[in-house]
Amino acid sequence: VLLAAYVGYLGLGAAVLQALERPVEMQAAQHLLQEHWELLANHTCLQGPALQRLIEGIIQAYKSGITLQGNTTSLGRWDFSGSFFFSISAITTIGYGNLSPSTAVGRIFCIVFALFGIPLNLVLLNEIGQLMLLGVQHCARRLEEVFHWQNKASFLMKTCALVTGLLLFLLLPPLLFSDKEGWSYEEGFYYSFITLSTIGFGDYVIGMNPDRTYPGWYKNVISLWILFGMAWLALVIKFCINILE
């Protein structure tokens with residue numbers, strides 16, 4: 001029964017996503033083809049194969065973190081802050097996919113680094129989650145002692161912890177992303193949940209827009225947000241698991 005419910009849930013998700021996203025995909029594909037043929041028609045000096053090679057080169061360069069800015073190229077995804085953020089996305093298993101090692105040695109190092117880093121990250125997240133839980137339980141006991149509440153104190157503190165976590169990790173960060181990245185609130189909220197849940201599609205990643213200047217503290221603060229936000233969301237997901245079981 002559980003397996004049937006699992007497969008049915010996946011089927012429901014697939015059907016809804018197909019209905020929502022397929023028409024937009026087809027429209028984008030038609031628009032791309034139209035622009036391609038209009039470019040070739042308006043610039044007869046361009047040849048189809050040469051244009052295709054240029055497009056493929058641009059796509060490959062973009063995957064490597066290089067974009068054209070006039071007559072220059074933008075670098076910076078593999079500076080220390082960018083590399084540090086990539087390290088976090090690797091050991092937290094977020095894996096955005098927008099950036100990856102291109103050298104054989106870098107890929108081998110990434111495997112070894114993640115092999116030891118993922119368990120270390122899980123241990124740290126577990127400890128942070130336990131500290132959060134102990135803090136909630138301690139506050140609940142104090143309320144019970146002061147106000148002589150029993151069940152109410154525990155429920156009240158769990159509710160406060162949930163609301164505080166929602167504010168700190170899901171509801172307020174999109175405001176920062178709107179300011180620094182130029183995203184809408186909905187896009188920032190989407191990025192927050194996709195990141196903290198370690199889904200990490202990679203369609204939205206902070207600090208990657210070459211047209212924007214980011215402060216030095218930005219990625220460091222986001223790294224801490226990811227660490228504590230993942231620990232909080234893990235507790236929420238654990239609570240949901242207990243309810244389902």
Side-chain angles (χ1 to χ4, degrees), residues 1-37 52 55-56 58-60 62-65 77 85-86 88-102 107 110-111 114-115 117-119 121-122 125-126 129 162 165-166 169-175 177-178 181-209 222 225-227 229-245:
V1 172
L2 182 60
L3 179 61
Y6 181 80
V7 174
Y9 192 75
L10 290 176
L12 175 64
V16 172
L17 287 171
Q18 182 183 18
L20 293 175
E21 300 296 333
R22 183 66 174 175
V24 179
E25 179 189 36
M26 296 178 65
Q27 184 179 0
Q30 292 174 356
H31 181 69
L32 178 63
L33 277 176
Q34 182 179 356
E35 286 194 338
H36 178 265
W37 290 116
Q52 185 65 29
I55 293 172
E56 291 174 355
I58 293 173
I59 293 174
Q60 188 61 39
Y62 182 77
K63 288 181 179 179
S64 301
R77 291 193 178 185
F85 193 73
F86 171 79
I88 290 178
S89 70
I91 67 173
T92 55
T93 69
I94 295 174
Y96 290 114
N98 68 310
L99 193 61
S100 58
S102 58
R107 290 167 181 162
C110 190
I111 293 172
L115 185 63
I118 291 173
N121 177 71
L122 292 175
L125 288 181
N126 183 62
L162 179 62
L166 281 172
F169 302 121
L170 289 179
L171 298 179
L172 292 180
L175 299 177
F177 300 142
S178 297
E181 304 290 342
W183 299 340
S184 66
Y185 185 85
E186 175 270 327
E187 290 171 328
F189 184 83
Y190 167 79
Y191 167 78
S192 299
F193 181 80
I194 292 300
T195 294
L196 298 184
S197 60
T198 72
I199 296 173
F201 289 126
D203 47 352
Y204 289 91
V205 183
I206 61 102
M208 296 298 175
N209 190 342
I222 298 303
W225 167 76
I226 289 175
L227 189 63
M230 284 179 61
W232 171 80
L233 191 60
L235 290 177
V236 175
I237 291 174
K238 185 178 180 181
F239 178 72
C240 295
I241 290 173
N242 292 335
I243 293 177
L244 286 174
E245 288 182 340

Under the side-chain contact (heavy atoms from CB on, under 4.5 Å) test, residues paired with [X] that sit two or more places apart:
X: Leu166; answer: Leu162, Leu170, Leu171, Trp232
X: Pro119; answer: none
X: Leu122; answer: Ile118

Approximate separation, where rounding is to 0.5 Å, of Trp183 CH2 and Leu175 CG: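 The distance works out to 13.5 Å.
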Please set out all donor-acceptor pairs under 3.5 angstrom arising from side-chain atoms of residues 17-27, sequence neighbours excluded.
{"residue": "Arg22", "atom": "NH1", "partner": "Glu25", "partner atom": "OE1", "Å": "2.8"}

Using the rule given for side-chain contact (heavy atoms from CB on, under 4.5 Å), can you reason through His31 versus Glu35, listing the C-alpha separation, both sets of side-chain angles and the distance that settles it, and then say yes or no? CA-CA 6 Å; His31 181 69; Glu35 286 194 338; 3.0 Å; yes
Do Asn121 and Leu227 have side-chain heavy atoms sitting under 4.5 Å apart?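 Yes, side chains in contact.
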Give the intermediate values and the outcome of side-chain contact (heavy atoms from CB on, under 4.5 Å) for residues Phe177 and Ile222. CA-CA 10 Å; Phe177 300 142; Ile222 298 303; 3.5 Å; yes
Enumerate, atom names and distances included, each donor-acceptor pair closer than 3.5 Å involving a side-chain atom of residues 191-209, sequence neighbours excluded.
{"residue": "Tyr191", "atom": "OH", "partner": "Tyr96", "partner atom": "OH", "Å": "3.0"}
{"residue": "Ser192", "atom": "OG", "partner": "Gly188", "partner atom": "O", "Å": "2.8"}
{"residue": "Thr195", "atom": "OG1", "partner": "Tyr96", "partner atom": "OH", "Å": "2.9"}
{"residue": "Thr195", "atom": "OG1", "partner": "Tyr191", "partner atom": "O", "Å": "2.9"}
{"residue": "Ser197", "atom": "OG", "partner": "Phe193", "partner atom": "O", "Å": "2.6"}
{"residue": "Ser197", "atom": "OG", "partner": "Ile194", "partner atom": "O", "Å": "3.4"}
{"residue": "Asp203", "atom": "OD2", "partner": "Tyr190", "partner atom": "OH", "Å": "2.9"}
{"residue": "Tyr204", "atom": "OH", "partner": "Glu187", "partner atom": "OE2", "Å": "2.8"}
{"residue": "Asn209", "atom": "OD1", "partner": "Asp211", "partner atom": "N", "Å": "3.0"}

Can I get a per-line list of side-chain donor-acceptor pairs under 3.5 Å for residues 236-245, giving both atom names and the distance, sequence neighbours left out?
{"residue": "Asn242", "atom": "ND2", "partner": "Lys238", "partner atom": "O", "Å": "3.3"}

